Amino acid sequence: MADDLVSKRNAKAPVWQYFGFKPNAKREPENVNEAICKLCLTKVAASGGNTTNLYTHLQAHHKNEAAKLGNAVKNRPQKPDEQVQPSISDAFKRCTKYKRDSVRWNKCTDAVTKYLCKEMVSFNTVEKQSFKDLVTTLDSQYELPGRTYFSKTAVPRAYNRIRGHNLNLAVSNTIEKTEKARTDRALSVCRTINGMFSHSWKRRRELQKAQVHLGLPEHSLVTDCATRWGSKQKMIDRMLEQRTAINRVLAEDRKVNVSITWQDEDVLQSLNKALKPVSEFTDILSGENYVTASSLLPVLRLIKEDTLAPSDDDSQLTANLKAGIVSILDEKYKALPEASQQLMRKTTFLDPRYKGDYDSNVEEIKKMIEEEAVILGRKAQSVHSMREEGEQNEEADIVVDPQPKRKKTLASLLKRKSDTVTVNLTIPEMVVSEISTYAQESPIHAEQDPLAWWKENQSRFPLLAKVAKKYLCVCATSCASERVFSTMGNIVSPTRSHLKPEMVNMLGFLAKNM
C-alpha cells in the first residue's frame with residue numbers, strides 16, 4: 001500500500017519523505033490536504049502543505065525516524081540563496097542591541113576605532129548623524145559609543161595592545177668640507193637659479209619651451225632641504241641635466257646676470273659623482289616596508305671597498321669627498337654604543353641573504369643569539385604550559401562518554417614502537433641544532449625576501465625564528481620616525497587643535513601601526 005502512494009510535488013521539507021498521497025487515475029494526488037504516513041498508513045491533515053501535523057505524527061508514533069530527521073535537518077548544509085524562517089527567539093534577538101561585553105560589539109567598536117586612527121579623522125565623527133545612520137544601516141543591533149568612549153577608552157586600549165619598540169640607526173650624512181669656497185659658490189648658484197624659476201611663471205614657461213626644443217626631459221627644478229642632504233644631490237643632478245636649457249633661458253633675460261659657468265659645472269660634476277652612489281644606498285635603506293637593518297654592514301663594506309674606492313679618473317675634489325665620506329663613516333660607526341653594533345651584527349646573521357659572511361667574529365654572535373633564543377623558547381614554553389593547564393582544568397569538568405575499545409592493528413603497534421625511539425631534546429640543545437643547521441645552509445639570493453624565507457622555514461627553525469622576528473623588524477635609518485612627524489601634522493589640524501599630547505601620540509602611533 002505504501003508503494004502506491006505518490007509524493008508531493010516540489011516538496012522541500014525533509015519530512016515529506018515519510019508521507020504521500022492517495023493517487024488518482026493519472027497518478028496525481030487525489031487530496032493534497034490529506035497526507036498518508038508511509039510507515040503506518042495513517043491519514044494526517046496537511047492543509048495547504050502545512051508540515052506541523054506531519055512532524056507531530058512522527059514524534060508521537062515514530063520516534064526513531066523523528067530523531068533521524070532532526071539530525072538530518074540540523075546537519076543539512078544551507079544553500080546560499082536559501083531563506084530560513086527565523087524562530088521567535090531569533091527575531092527578538094535581532095531587535096535587541098548587543099551587550100557591551102559581547103564579542104560582536106567589541107568587534108564593531110574595534111573596526112570604528114581603526115577607521116578613526118587610520119584615516120586620522122576627528123572623534124566628533126562618531127556623533128555626526130550621517131555616520132550614525134551608516135553604522136545603523138550596516139548593523140542595526142550595534143549601538144555606537146560616544147566620542148568620549150573612543151578618546152578615553154578605545155584608543156588607549158588599542159595603543160597599549162599594538163605598541164612596540166623601534167630602534168632607528170641613522171646612516172651618516174656628513175660631507176667632507178673640502179674646498180669649501182668652490183662648493184659653496186656652486187651650491188649658492190643652484191639655489192639662486194631655483195628661486196628665480198620658482199617665483200616666475202614666465203621663466204618656467206620658457207624653460208619648458210627650451211626643454212622641448214633641446215630634446216631634454218621636461219622635469220621641474222629641485223630645491224634642496226637643509227635637513228636632507230639627499231635633496232642636495234638631487235638638486236645638483238637636476239641642474240646638470242637641465243643646465244643647457246637653464247642657460248638659454250637666463251641668457252635671453254637681460255635683467256639677470258646669473259648662469260652656470262664651466263667652473264661651477266666642474267664642481268657640480270665632482271660633487272654628483274661622489275654623492276650619487278651614496279644617495280642611492282640611503283634611499284634604499286630609508287624604507288620601512290622591507291628589511292633594512294641587516295644590510296647596514298654589507299652596505300658599509302661595499303661603500304668602502306667598491307663604491308667610494310679611489311679611481312684614476314676622479315678629480316681632486318671627488319677624491320677628497322670620497323675619502324672624507326669613508327673616514328666619517330668609519331668614525332661614526334666605531335663610536336656607536338656596543339648594543340647598536342651588536343644589533344647590526346645580529347640582524348646581518350639572521351638575514352638568510354648574508355648570515356655570517358660580513359662578521360669577523362661570527363661565533364660570538366652565534367653565542368649571543370643562542371642565549372636569546374633559549375630565553376624566548378623557555379618563555380613561550382611557560383606560556384604554553386599555563387595555557388594547557390587551564391584547558392585541562394576546563395576539560396576535567398566535562399563528562400565524556402567512554403569510547404569503546406578498538407581492536408589493535410599492526411599499524412598502531414608499529415607506530416608505538418617507533419614512538420619509543422623518539423629523542424626529546426632540551427631547549428638549549430634545540431637552539432644549538434637550529435643555529436648549526438641554519439649556518440651551514442647556503443645564503444639565499446640577494447633579491448629574495450628574508451621575511452618570506454623565515455615564514456616558509458619557521459617550522460624548521462621555530463626557536464631561531466622568534467629571534468629573527470625580534471631583530472629583522474628594526475629600521476636602518478631614522479626616516480621612518482621622521483615620517484611620523486608628517487603624520488602628526490595631518491592629525492593636529494586646525495579643526496583638531498585641542499588634542500592633548502598623549503592623545504596625539506596614541507593616534508600617530510596607531511595610524512602607522514594599526
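Throughout, residue positions are numbered sequentially from 1 according to the sequence presented. Worth knowing before you read on, the calculation uses all heavy atoms, side chains too, and leaves out hydrogens, waters and symmetry mates. Note that the structure is a prediction, hence the values are computed from the model and not measured.
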Stepwise side chain to side chain contact (heavy atoms under 4.5 Å, CB included) check, Met503 with Phe123
CA-CA 11 Å; Met503 182 55 61; Phe123 291 127; 3.7 Å; yes
As a quick check of understanding, evaluate side chain to side chain contact (heavy atoms under 4.5 Å, CB included) for Tyr18 and Glu65, giving each step before the final call.
CA-CA 9 Å; Tyr18 297 104; Glu65 284 71 13; 3.7 Å; yes
Would Arg104 and Cys108 count as a side chain to side chain contact (heavy atoms under 4.5 Å, CB included) here? Give the steps.
CA-CA 6 Å; Arg104 178 61 182 170; Cys108 293; 3.6 Å; yes
Evaluate Val155 against Cys117 for side chain to side chain contact (heavy atoms under 4.5 Å, CB included), listing each step before the verdict.
CA-CA 8 Å; Val155 168; Cys117 297; 4.2 Å; yes
Tell me, with the steps shown, if Lys366 and Glu363 meet salt bridge (Lys or Arg N to Asp or Glu O under 4.0 Å).
CA-CA 5 Å; Lys366 285 183 180 180; Glu363 294 300 325; 3.5 Å; yes
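Here the closest heavy-atom approach between residue Asn31 and residue Phe21 is recorded as O-CD2, 3.2 Å. In terms of heavy-atom proximity, Thr125 sits nearest to Tyr115 at CG2-CE2, 4.4 Å. In plain terms, the two heavy atoms of Leu463 and Glu434 that are nearest each other are N-OE1, 3.2 Å. Between Ser122 and Leu116, the shortest heavy-atom contact is O-CD2, 3.8 Å. Between Asn106 and Arg100 the shortest heavy-atom distance is ND2-O, 3.4 Å. Scanning all heavy atoms of the two residues, the minimum distance from Leu350 to Trp454 falls at O-NE1, 2.9 Å.
The neighbour count for Gln341 CD, taken as heavy atoms of other residues, nucleotides or ligands under 6.0 Å away, is above 12.
Looking at heavy atoms from C-beta onward, Met344 lies in side-chain contact with Leu336 at the 4.5 angstrom threshold.
Sorted by first and then second residue, the salt bridge (Lys or Arg N to Asp or Glu O under 4.0 Å) pairs with a member in residues 439-462 read Glu441-Arg460; sequence neighbours excluded. Pairs passing the salt bridge (Lys or Arg N to Asp or Glu O under 4.0 Å) check and including a residue from residues 333-355, sequence neighbours excluded, read Arg345-Asp359, Arg345-Glu364, Lys346-Glu372, Asp351-Arg353. Within the structure, every pair that satisfies the salt bridge (Lys or Arg N to Asp or Glu O under 4.0 Å) test and touches residues 42-53, not counting sequence neighbours, is listed here: Glu34-Lys43.
Atom CG of Asn505 sits about 12.0 Å away from atom CG of Leu499, to the nearest 0.5 Å. Atom CD in Gln141 sits 12.5 Å away from atom NZ in Lys99 (nearest 0.5 Å). Rounding to the nearest 0.5 angstrom, the gap separating the CG atom in Asp139 from the CG atom in Leu144 is 11.5 Å. Residue Ile369 holds its CD1 atom at 10.5 Å from NZ of Lys470, rounded to the nearest 0.5 Å. Taken to the nearest 0.5 Å, the OG atom of Ser436 stands 10.5 Å off from the CD atom of Glu370. Taken from OG1 in Thr42 to NE2 in His61, the straight-line distance is 6.5 Å, to the nearest 0.5 Å.
Thr153 places no side-chain N or O within 3.5 Å of a backbone atom of Phe150 that could act as its donor or acceptor partner. Between the side chain of Asn53 and the backbone N or O of Val44 there is no donor-acceptor pair closer than 3.5 Å. With hydrogens and angles ignored, the 3.5 Å screen pairs a side-chain donor or acceptor of Asn457 with a backbone N or O of Trp453. Between the side chain of Lys97 and the backbone N or O of Ser140 there is at least one donor-acceptor pair closer than 3.5 Å. Using a distance-only test at 3.5 Å, with no hydrogens or angles considered, a donor-acceptor pair links the side chain of Ser151 to the main chain of Arg147.
Ring orientation note: the planes of Phe19 and Trp16 are nearly perpendicular, at an angle over 60° on the 30°/60° scale.
The side chain to side chain donor-acceptor pair (under 3.5 Å) search around Thr348 returns none, not counting sequence neighbours. Residues passing the ring-ring contact (aromatic ring centres under 6.0 Å, His included) test with His219: none are found, sequence neighbours excluded. Partners of Lys367 under the salt bridge (Lys or Arg N to Asp or Glu O under 4.0 Å) rule, at least two apart in sequence or in another chain, do not exist in this structure.
Side-chain polar atoms of Thr109 and Tyr142 form a donor-acceptor pair below 3.5 angstrom. Side chain to side chain, Tyr354 and Ser295 meet the donor-acceptor criterion of an N or O pair below 3.5 Å.
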